[in-house]
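Presented below is the structure to which this report refers.
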Amino acid sequence: MSERPAKTIEGVTGAWEIVIGLEVHAQVSSKSKLFSGASTTFGGEPNAQVSLVDAAMPGMLPVINEFCVEQAVRTGLGLAAQINLHSVFDRKNYFYPDLPAGYQISQYKQPIVGEGTVLVDLPKGETIAVGIERLHLEQDAGKSLHDQHPSYSYVDLNRSGIALMEIVSKPDMRSAEEAAAYLKKLRALLRYLGTCDGNMEEGSMRADVNVSVRRPGGPLGTRCEIKNVNSMRFVAQAIEYEARRQVDIIEGGGAIHQETRLFDAKKGETRSMRSKEEAHDYRYFPDPDLLPLELDPQWIETIRESLPELPDAKKARFIEAYGLSPYDAGVLAGEIETAAYFEAVAEGRDAKLAANWVMGELFGVLNREGLDIEASPVKPERLGALIDLIADETISGRIAKDVFAIMCETGEEPAAIVEAKGLRQVTDTGAITAAIEAVIAANPGQVEALKKKPKLIGWFVGQVMAKTGGKANPQAVNALLKERLGPLDEG
Amino acid sequence: MSTLTDLTLAEARDKLKAREISARELTDAHLTAIEKARPLNAFITETPEKARAMADQADKRLAEGVAGPLEGVPLAIKDLFCTEGVQTTAASHILQGFVPTYESTVTKNLWHAGAVLLGKTNLDEFAMGSSNETSYFGPVISPWRRTGDPTPLVPGGSSGGSAAAVAAGLALGATGTDTGGSIRQPAAVAGICGLKPTYGRCSRWGIVAFASSLDQAGPMARTVGDCAILLKAMASHDAKDSTSLNVGVPDYEKSVRAGVKGLRIGIPKEVRGEGLSAEIAALWDKGAEWLKAQGAEIVEVSLKHAHHALPAYYIVAPAEASSNLARYDGVRYGLRVPGDDITQTYENTRAAGFGREVQRRILIGTYVLSAGYYDAYYLRAQKIRTLIARDFEEAFKGCDLILTPTTPGPAFAIGAKTSDPVEMYLNDVFTVTVNLAGLPGMSVPAGLTGDGLPLGLQLIGKPFDEETIFRAAGAIEEAAQFTARPGDWWSTS
């Protein structure tokens with residue numbers, strides 16, 4: 001990667017650079033939990049998806065779910081990371097009511113996935129490489145409910161034991177924007193791979209953000225970890241707030257103390273949770289109930305061969321095969337569903353026109369309605385059919401926008417709408433000529449003015465189009481007008 | 001009816017199969033004996049109704065000719081095995097009243113084989129102890145007494161209730177668990193046989209965990225053959241236990257009288273030197289002589305790191321225990337002593353629920369796993385463990401079995417060693433080595449002390465080679481002619 005332009009924030013004493021690393025907890029897409037057969041479906045009745053193992057009943061033992069291991073390996077391969085053939089599950093010991101065993105089974109010193117890289121596109125067309133430190137498998141804890149009873153807390157163990165991948169980045173990000181873009185890219189990757197649904201609202205993806213500030217190029221500052229930031233927007237907000245807080249402290253003569261902080265989404269601020277001195281001693285040790293995880297290189301190759309085309313490859317192909325700009329290709333390849341939609345529309349058609357329609361009209365409607373592309377009121381086949389009507393000159397691009405709006409409302413076939421509303425483009429020169437004559441006859445002053453100001457031809461086009469209800473072929477109108485009103489001095 | 005409780009398990013099995021006796025009468029005889037033996041405090045929970053119902057079922061199957069290999073055989077189960085619908089306490093206040101909704105794999109195997117549950121036997125709390133004195137439900141009194149001396153003695157531990165029950169004729173056999181000697185040591189001091197199988201031979205699923213990398217279930221019975229029959233029924237590969245090994249379970253009973261001709265028996269020289277009492281040393285020599293006389297060859301082997309085993313064990317076992325016992329927090333089951341907040345509830349519950357020895361080991365375990373101490377204690381202990389396993393590997397290149405005493409001495413008086421934990425831990429000096437290496441080991445009664453208390457010899461085998469252990473154990477049994485039984489003082493007092 002080329003040297004990036006410095007991204008700094010200004011303090012009263014000069015510029016500061018923000019250094020950011022992310023720890024993302026991604027819930028593994030899997031029917032059953034990491035060490036038990038209980039279901040992982042979201043939204044079940046409290047404590048309805050809890051096995052004896054998840055509740056840590058006496059004498060219960062964990063058994064590794066092979067599919068979860070496969071998902072972790074698949075993710076590691078997608079992150080272009082090293083897959084460790086030997087990894088170890090450890091116990092992380094601490095007491096909490098929603099942690100039934102009193103320890104979480106995690107991977108500490110020997111994770112299943114080692115170093116990797118994620119390429120991240122920034123809005124201004126810049127691409128940065130964010131290093132992956134490691135990925136490890138661990139169990140989720142249950143959920144404590146503090147709002148169900150005046151003096152008791154309730155515990156729901158449905159989530160207890162669900163498989164998580166903790167994906168730790170290197171401190172390679174330098175702005176809130178970069179962190180948000182990284183998270184977005186990571187989420188897209190996981191969704192492409194089918195290893196995590198990336199649903200941040202349901203808690204399938206959660207981020208802990210490590211933030212420190214330093215003088216540009218100087219030694220690293222002391223970091224603070226912000227826990228459980230649960231949306232892209234909050235990640236950006238938390239970083240902005242935290243960086244400013246740290247700069248203010250340092251410039252005020254203070255020092256940053258390593259601590260864990262909590263992001264308050266309501267107030268948009270971070271606040272101290274516990275200091276380094278109060279940090280838990282988790283007393284990690286290898287879980288004696290589980291043997292080390294030994295992977296067969298052949299098995300890993302089988303998984304590698306089954307990987308889908310990933311966003312970077314897809315983007316390159318969109319540029320190469322469809323002649324899209326890197327920006328458009330990046331946007332369309334950014335989400336697996338968007339890419340699939342686009343390709344369905346572009347198949348056998350003008351790909352650039354398809355890209356313009358998807359990124360223009362379609363995204364406009366989806367944004368306005370707050371819909372995912374899968375919930376689009378216009379399916380790709382219909383949008384394709386609409387583009388076909390433009391291509392064969394049945395309708396003009398302008399009329400097509402009106403037809404699209406109707407499609408969004410009614411879900412009807414574009415051809416049926418064109419027929420029903422009589423929107424078929426008028427290419428009959430007789431009808432156009434008649435409209436031109438009528439406009440000229442009604443506006444002698446404008447005809448005079450046109451002689452001095454040739455640009456007024458546009459006004460005539462508009463009038464003729466209006467007279468034909470917009471159905472006239474604009475190219476034909478232009479040509480006939482120029483023919484009728486004589487060669488104009490374009491100068 | 002006393003003759004029924006004097007039968008060996010094998011004899012009873014054969015008589016049941018031949019329909020000479022019924023499972024019901026056999027069970028009733030044992031239930032009566034249990035009732036009379038309540039002064040021994042061998043059981044935490046007696047299950048007479050369940051026992052009779054199971055016995056009746058067994059009789060039905062015997063009549064139908066669909067009997068399992070243990071059909072109608074009444075057994076005592078250490079109260080560390082979870083039993084569906086029957087209170088399972090681990091001898092701890094914290095689990096008092098806990099009734100599992102599930103059955104441990106080992107006991108499920110036994111019931112499938114047709115065995116009958118007499119009750120749940122007393123043990124050291126969470127199997128932590130060598131004298132059965134740490135039980136919340138009070139100590140077990142050994143059925144054995146010194147000649148002419150009514151001083152109550154310990155039955156050994158932690159499987160003290162099982163050992164006492166088998167020795168006193170309250171059950172034809174029993175299950176135990178062995179983390180550092182908890183089957184072999186009580187078996188030795190109670191004059192019965194007890195085998196700790198190879199780690200991974202019996203499933204740990206459904207057994208309340210003490211130290212996961214060391215815990216192993218095994219049989220306790222009055223004869224070597226009875227242990228062989230029980231092990232065959234208890235052992236299985238279990239997909240629910242990741243450390244259970246998928247290896248075949250042989251017919252161990254055949255090995256018992258197979259003889260020792262040609263076997264090389266190793267005597268570890270380092271163990272020999274360690275301040276051994278003359279009585280134990282003599283017994284050891286006698287054991288070697290017996291085997292030699294039957295055609296085995298005695299060879300000297302070396303276990304260089306054996307003297308590190310006890311300290312390493314008392315780091316690894318408490319470390320794992322401190323984590324395994326974290327689940328007893330008063331949140332989901334068992335005892336809860338409420339406090340003003342969750343931390344206080346934890347503290348109150350665990351202070352009231354765990355006894356002193358369990359608390360001591362949780363503290364030790366927490367300490368050795370703590371940041372800054374992990375490398376110095378836990379990691380070093382694990383390294384010693386590796387060295388010990390390597391010692392055995394080397395030793396077994398030159399021999400088929402290793403012979404040692406099971407304990408440094410006979411049963412001691414209740415209260416004699418409770419004030420000094422280290423003194424108590426020393427009881428395990430010959431047995432913990434075997435657990436650290438994951439090997440099978442068996443104690444066989446070999447003789448009596450001058451004042452009439454049983455002593456045992458320990459046979460250590462190669463991984464998954466319980467068969468060879470049974471061969472030598474059978475040979476010792478035959479040579480020792482250990483027929484002594486404790487006097488029936490409890491039913492007359």
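If you're wondering where the values come from, they're calculated on a predicted model, not measured in any experiment. Chain identifiers are assigned alphabetically (A, B, ...) following the order of the sequence lines, protein sequences preceding nucleic acid strands; residue numbering begins at 1 within each chain.
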*Rounded to the nearest 0.5 Å, what's the gap from OG1 on B:Thr345 to CZ on A:Phe95? Could you check?*
13.0 Å
*Give a yes or no on whether B:Arg380 atom CZ has more than 12 heavy-atom contacts from other residues, nucleotides or ligands under 6.0 Å away.*
no
*With only heavy atoms counted, which part of B:Tyr328 is less than 4.5 Å from chain A, the side chain, the backbone, both or neither?*
side chain
*Please examine the side chains of B:Arg204 and A:Leu61, heavy atoms only from C-beta on, and report whether any two atoms are closer than 4.5 Å.*
yes
*Considering only heavy atoms and a distance below 4.5 Å, find which of A:Ala55, A:Ser151, A:Pro97, A:Gly59 pairs most often with chain B.*
A:Gly59
*Would you mind checking which part of B:Val208 comes under 4.5 Å of any heavy atom in chain A, side chain (CB onward), backbone (N, CA, C, O), both or neither?*
both
*Spatial distance of atom OG (B:Ser323) from atom NZ (A:Lys92) [nearest 0.5 Å]*: 13.5 Å
*Where on B:Asp329 is there a heavy atom nearer than 4.5 Å to chain A: the side chain, the backbone, both, or neither?*
side chain
_Tell me whether the count of non-hydrogen atoms from other residues, nucleotides or ligands lying under 6.0 Å of CD in A:Glu294 goes above 12._
yes
_Side chains of A:Pro58 and B:Tyr102, heavy atoms from C-beta outward: is any pair under 4.5 Å?_
yes
*NZ/B:Lys240 to CE/A:Met60 distance, rounded to the nearest 0.5 angstrom?*
7.0 Å
*Are there more than 12 heavy atoms of other residues, nucleotides or ligands under 6.0 Å from atom CZ of B:Arg390?*
no
*Would you say the side-chain atoms of B:Arg332 pair up with the backbone N or O of A:Pro100, donor to acceptor, closer than 3.5 Å?*
yes
*With a 4.5 angstrom heavy-atom cut-off, could you sort out which part of B:Ala90 is near chain A: side chain, backbone, both or neither?*
neither
_Looking at every non-hydrogen atom in both residues, tell me the closest pair between B:Ala239 and A:Val63 and how far apart they are._
O-CG2, 3.4 Å
_Can you tell me which portion of B:Phe210 sits under 4.5 Å from chain A's heavy atoms? Options are side chain, backbone, both or neither._
neither
*Are B:Tyr374 and A:Phe285 close enough that their ring centres sit under 6.0 Å apart?*
no
*Under a 4.5 Å heavy-atom cut-off, does chain A meet the side chain of B:Ala211, its backbone, both or neither?*
neither
_A:Lys170, NZ atom: more than 12 neighbouring heavy atoms under 6.0 Å_ = yes
*When heavy-atom pairs shorter than 4.5 Å are enumerated against chain B, which of A:Asn93, A:Asp289, A:Leu157, A:Leu291 gives the highest number?*
A:Asp289
_Pairwise distance OH(A:Tyr284) to OH(B:Tyr378) - rounded to 0.5 angstrom_ = 15.0 Å
*Contact origin within A:Tyr282 toward chain B - heavy atom pairs under 4.5 Å*: neither
_Audit row: B:Tyr373, A:Arg283, side-chain contact (heavy atoms from CB on, under 4.5 Å) steps and yes/no_ = CA-CA 10 Å; B:Tyr373 300 98; A:Arg283 308 188 311 281; over 6 Å; no
_For chain B, the option from A:Gly102, A:Ala56, A:Pro62, A:Ser153 that forms the most heavy-atom pairs under 4.5 Å_ = A:Ala56
_Looking at chain A, which one of B:Leu95, B:Leu214, B:Val368, B:Thr366 has the largest number of heavy-atom pairs inside 4.5 Å, strictly under?_
B:Thr366
_Is it the case that over 12 heavy atoms from other parts of the model lie below 6.0 angstrom from the CZ atom of B:Phe98?_
yes
*asked:* Using modelled atom types and a 3.5 Å cut-off, is there a donor and acceptor pairing between side-chain atoms of A:Asp281 and backbone atoms of B:Ala371?
replied: yes
_Nearest heavy atoms of B:Glu320 and A:Arg91, plus distance in Å_ = O-NH1, 4.2 Å
*Can you say whether B:Asn324 sits under 4.5 Å from chain A via the side chain, the backbone, both, or neither, judging by heavy atoms?*
both
*Check whether B:Ile342 gets within reach of chain A through its side chain, its backbone, both or neither, counting any heavy atom under 4.5 Å.*
side chain
